[in-house]
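One structure is given below, encoded as structure tokens.
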Amino acid sequence: MRFYGKTLNHLPVENRSGDKLGRIVDFEMDPENHQIVVYVVRPSRLTSPLVKSDLRISDSQVVSLTAEKMVVEDNVKPAVVADSRRSRPRFLKEASPALPRQ
């Protein structure tokens with residue numbers, strides 16, 4: 001199945017456990033291979049209101065990609081941490097293989 005940028009834009013992302021991580025907002029391509037190497041996922045303000053940075057998910061962490069959603073490995077998942085100022089939970093990115101920032 002082929003995907004266009006318009007199809008990938010705002011596609012929901014979750015891990016194998018079913019935790020919703022956000023939606024795809026961008027991707028990075030390797031110009032030599034013409035393949036996507038990193039998906040940029042923006043956490044939803046409703047599911048993770050205190051996460052301010054985007055998740056960078058390597059193509060090697062992607063388990064499946066359909067027209068309905070993208071599923072990634074469980075090592076990319078939100079960890080609930082109590083916020084001292086509010087009773088709402090906040091989400092943090094778990095350690096995953098580091099990708100160099102460019």
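The chain is numbered in sequence order, starting from 1.
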Report yes or no: does Asn15 contribute a side-chain atom to a donor-acceptor pair with the main-chain N or O of Asp19 at less than 3.5 Å?
yes
Atom of His10, atom of Arg23 and distance for their closest heavy-atom approach:
O-NH1, 2.7 Å
With a 4.5 Å cut-off on side-chain heavy-atom distances among I, L, V, M, F, W and Y, is there a chain of contacts connecting Val13 to Val62?
yes
Within the 4.5 Å heavy-atom criterion, are Met29 and Gln35 side-chain neighbours or not?
no
Looking at residues at least two apart in the chain, or sitting in another chain, which of them share a salt bridge (Lys or Arg N to Asp or Glu O under 4.0 Å) with Arg42?
Asp54
Might you point out which heavy atoms bring Met70 and Leu65 nearest each other, and give the distance in Å?
CB-CD1, 3.7 Å
Checking Val40, Leu11, Ile57, Leu55 against Ile24 for side-chain contact (heavy atoms from CB on, under 4.5 Å), the one that qualifies is Leu11
For the residue pair Arg56 and Gln61, what are the closest heavy atoms and their distance?
O-OE1, 4.4 Å
Decide yes or no on side-chain contact (heavy atoms from CB on, under 4.5 Å) for Val38 and Phe27, but give the supporting numbers first.
CA-CA 6 Å; Val38 174; Phe27 51 87; over 6 Å; no
Contact summary for Val63 and Glu73, nearest pair of heavy atoms:
CG2-OE2, 3.6 Å
With a 3.5 Å distance limit and no angle check, can you tell me whether Asp74 reaches the backbone of Ser17 through a side-chain donor-acceptor pair?
yes
Please tell me if the side chains of Val71 and Arg16 come closer than 4.5 Å, counting only heavy atoms from C-beta onward.
yes
Same apolar cluster (I L V M F W Y, side chains within < 4.5 Å links), Leu8/Val41:
yes
Any heavy-atom pair between the side chains of Leu21 and Val72 that's under 4.5 Å?
yes
